[in-house]
Each structure stands twice: as structure tokens, then as C-alpha cells.
Amino acid sequence: MKRSFRTLMAALGAIAMFAACSKKETSSSSSSTSSAQSSNSNAPAAAEQEIKADAISTVGPADGTHLELWTFVELHSQHYAAMLEQWNREHPDKQIQITFTTYPYGDMHNKLIMANQTGTGAPDICDIEIGQFPNFMLGNVQFVEMDKYIEPYKNNVVQSRLDIYGTKGKHYGIPFHVGATVMYYNDELLSKYGIDYRTIKTWDDFEQAGLKLKEASGGSVLMTGADTGGTDWLWLSMAENKQDWTDASGHADIRISGVSDMIKMQQKWISEGIASPTPGGQIDTEAGFATVGDQKIAAFPKALWYMSRFLNYMPEQSGKWAIAPCPVYKEGQPRSVGIGGTGTVVSLQSKHQELAAEFLVYAKLSLDGEKRIWEVLGFDPVNTDLWQDKSITHDPSNKYVAFFRTNPFDVLNEIKSEIGGIKCVPISSTINEQINLNVLNACLEENADVDSELQTAQDEIDIEQ
């Protein structure tokens, strides 16, 4: 099959996947507390086009200091609003009123870029998705440096998550979660076929368990799926090998062992009949949910925030799945990597930078804020102080604790010092395009030569850097 046709088909699939994910995210948002309004877009391609907000609401006393906050996820607004009410109760001398605006993902990021470029129109506080964050770190950064506000929490926050939202040793974004990658095992299914996931420590162990599962189930259940539309497996592999496909200067080289070894290993699994390309390209799609829900695979790695996908899309799987550290190539290697996230910033255009920064850190890093992030949003909090509070982490009434056979915080505490990070830099979008649209499809769908595909992709990446 010619690369051009393969790329076209993969691109169409990726577009469909993105649309599906966007639809899911929108449908999960609650309705706004006031009618949606619109604001003019400054985007050059749509100078006359209005960008309509999905939701706008204002919270706080009318005589409080007024701030504007933009996000692309309505649930984030709800979290900030709840924390704002608590802030105002605890800070009678620093009352705040915030207008929350939820925009479509692309519109919000484009609108913020134009506000930064023109020097006007930026909100006081804004969410920025991790993949978009590098675009805002180019040139003169237009956000408040947050290090002095982070300082009271710094010793208790997972450092790799702070480092993602910054540049040149300075931190500008406050994270929502660690996004620690773990292995999800269908313990009920594996036990049925005489397999104990707790004995799986290495990828060799994982493969042997897969072969046993294949024989015991007559090939009706696969050990796992190999993603063709996502890089989570590769991020995990790089972290285990303490590698990154970009260096300190942002230069990319994807021809590293952490990338090639994982793809070659997955090719072997597919040839052995213990894995197949993941339907939908990755497990975080409607087709992926169906694969898990229909018990067609027994295990997969994903960040802890995937717990909410189980509750929202696969509630019938309650009580079947266990969470555990990921296998490694050799015991002793780190067993996790942080994936996904949103870094929230304070704009230099804000007239109330100090107050905005203080509230932002309070909402996202304080123990009260982190407790709510865990209990309501289902995110693994970045403040590790909360990980030690068993009244929270082992609360049997918590919906996430109750759903799984193992406690997520027990796993978090076990891998606390092993959670790596892969940098997101401007060239990252080009890397993702090449990996997701070409390399993984060629290697996992067509069994193409891994080293050759990586070199071809590297040649394309080099054009952009």
C-alpha cells in the first residue's frame, strides 16, 4: 500500500476520532447557569466570525474584585466556581467575582494566541491543554511566572508535572493532575483463565501471560490492543528507558530504543495472536470502550484519569478491573509516565495578577482543592500530601475506590518516585502527526519495517526543525 493512501486513510480516521472525543467531552458538560453569549474572534482567517461560548456564568459577590477565566471544559469551570465560593468564605478581605467562559477547544486556544499577540483581550486566568502549551512558550512568555506562588507546595507536588508547564527553569502553568500511567487488568477475566496479574513484572511476563490466555481462552480473548492512533505506549516505553524524543533544546529524534523497541515488541505480540491493533486507534474512543466492555482484551496501559471513562462509559465493568504498576523491560526501571493534562495560567494583561495567582494555586494545589479534584473530577492530584490521607484515599463511599479491585492511591504511592515526564515542545505536534498517521499504522497494521518507517518519519520531522 502506498504511503500517500495510507496517510490519507489514517488522517480521516484521526479526524473522526477527534470529532468523537470532542462530542463526548461536550456531552459530558452540564448546562450553564446563564445563557451563552458570544465574543468577536481576532483570528485572521475569521476576522468577522463570532466565536460563541458554550457556557458563561458569573460567581461571587458584585463588590468583589472581578476576574475573567476561560476554559474549554465546563467541568473545570464548575471546580473553579466551587473553590471560589470557599475562597470567599475564608478570605473576607479578598473577595473575588469571576466570570467563567467555556469555549470550544480550538476556538479558545486561537483566541488566547491572538490576545497575546495583540496585547489586549486576554482573560485573567486561562486553561491551556498540554499539547497546546508549547505554542505559548515561544518568544516572550505572556504569563505570570508562578514559582513564588507554588513555593508553599513545591516539596509535595510531583515535580515532573510542574516542569511540563514551563520553560527555561520557570513555571507558568498549574496542573490539574499527575496523569500517572498504570496498567488496567481485567482481574475477573484473567483469574477465570488461571492468570494472576500480580505476577506480571516485566514485558516478558506480560507476553507469557498473553500466550497462556490465548491457549486457555481458545484465542477468544486478547491480552491487549496495540494503539495506532495514540502515543501512550511509546511515552511509557521512553519513560521506562529514561529517554525522550526531544532534547533540552527541543530538537527531535524519534529513532531511539524507547520507541523502536516498543513497536517491535507489539509487532511480535500481533504475530503471536495475543494482541491486535486497537479498534478506533486507541482505547480512549467509543470503539475502544466497546472493546473493553465486551471483554475482548484483558489489559492495557492508560493514565489514572481513565478511571472516569469506566464509570461514564462502562459502568457494567464495576468490580472486575484491578489497577497496578506497568510492566517494564527490566525490573528496576521506572514504571510510569504522566500523560495528558491542562496547565492553567495567569495573564500578564491581568490588572490583578497577584490575586489571580493566589486564587489559582489555592484552587488547584491546596489540599481542599486537590480533594475536590479527586472526589469530583476523578483526577490523581499532584499534591502528594493528599495521597497519605486514608480518610480520603480509602473512603469506601468514593465512586472510584468502590469501582476497582485495587486502590488507586496504593498504586500511586508505590510508583511515587517513578513517574516520568515526556516534554511537550513546538515540534511535538509534528512528531505526533508522523507517529500516529504513518509509523504506527504502517508497522502495526501492515507489519512494515520499524527502523525504516522511523527513518522516513524522521526525515519529515527534520524538514520542520
- Message: Can you confirm whether D389 sits close enough to K371 that some side-chain heavy atom of one is under 4.5 Å from a side-chain heavy atom of the other?
- Response: no

- Task: Compare all side-chain heavy atoms of E188 with those of Q295 and state whether any distance is below 4.5 angstrom.
- Result: yes

Output the distance between atom [atom1] ([X]) and atom [atom2] ([Y]), rounded to the nearest 0.5 Å.
X	Y	atom1	atom2	answer
K364	I174	NZ	CD1	7.5 Å
W235	D244	CH2	CG	8.0 Å
H109	I128	NE2	CD1	6.0 Å
I195	N186	CD1	CG	11.0 Å
L222	I270	CG	CD1	10.0 Å
I256	Q243	CD1	CD	4.5 Å

- Query: Does the pair D284 and F289 meet the rule for a side-chain contact (heavy atoms from CB on, under 4.5 Å), with working shown?
  - Reply: CA-CA 7 Å; D284 195 17; F289 302 149; 3.4 Å; yes

For the pair [X] (side chain) and [Y] (backbone), establish whether a donor and an acceptor sit closer than 3.5 Å, ignoring hydrogens and angles.
X	Y	result
T384	N156	yes
R161	V178	yes
D127	H76	no
E240	Q333	no
D196	S191	no
T285	G288	yes
Q458	A252	yes
H177	G338	no
T231	L234	no
N383	L365	yes

Check ion pair [X]-[Y] (N to O, under 4.0 angstrom):
X	Y	value
E272	K214	no
K423	D163	no
K201	E331	no

- Give every residue pair that meets the ring pair (Phe, Tyr, Trp, His ring centres under 6.0 Å) criterion with at least one member in residues 251-274, sequence neighbours excluded. W203-W269, F206-W269, W233-W269

Answer yes if the side chains of [X] and [Y] hold a donor-acceptor pair under 3.5 Å, and no otherwise.
X	Y	value
Q434	N438	yes
Q465	D462	yes
Y306	D232	no
S237	Y329	yes
Q455	D459	yes
T102	D54	no
S249	D247	yes
T71	Y80	no
N413	Q388	yes

- Item | Stepwise side-chain contact (heavy atoms from CB on, under 4.5 Å) test for F379 and S308 | CA-CA 8 Å; F379 294 159; S308 66; 5.7 Å; no

Could you pull out the closest heavy-atom pair between [X] and [Y], with the gap in Å?
X	Y	answer
A298	L190	CB-CD2, 3.7 Å
I419	V337	CG2-C, 4.1 Å
G230	N436	N-OD1, 3.3 Å
D147	H171	OD1-ND1, 2.7 Å
M183	P327	CE-CD, 3.4 Å
I200	A209	CD1-CB, 3.8 Å

- Message: Using the ring centroid of each side chain, check whether F404 and F409 are separated by less than 6.0 Å.
- Response: no

- Message: Can you confirm whether or not the ring centre of F143 sits under 6.0 Å from the ring centre of Y172?
- Response: no

- Test D385 against E370 for side-chain contact (heavy atoms from CB on, under 4.5 Å), laying out the working first. CA-CA 10 Å; D385 265 1; E370 293 283 53; over 6 Å; no

- Should N432 and S429 be marked as a side chain to side chain donor-acceptor pair (under 3.5 Å) after you check the CA-CA gap, both sets of side-chain angles, and the distance that decides it? CA-CA 5 Å; N432 289 334; S429 60; over 6 Å; no

- Residue of the set R405, K320, K192 for which salt bridge (Lys or Arg N to Asp or Glu O under 4.0 Å) holds with D187: R405

Take the angle between the ring planes of [X] and [Y] and call it parallel below 30°, perpendicular above 60°, tilted in between.
X	Y	result
F310	F403	tilted
F359	W87	perpendicular
F72	Y105	perpendicular

- Task: For a ring-ring contact (aromatic ring centres under 6.0 Å, His included) with W321, tell me which candidate from Y185, F300, Y197 qualifies.
- Result: F300

- Just do the side-chain contact (heavy atoms from CB on, under 4.5 Å) check on Y313 and E286 with the steps written out, would you? CA-CA 8 Å; Y313 302 107; E286 303 228 356; 5.7 Å; no

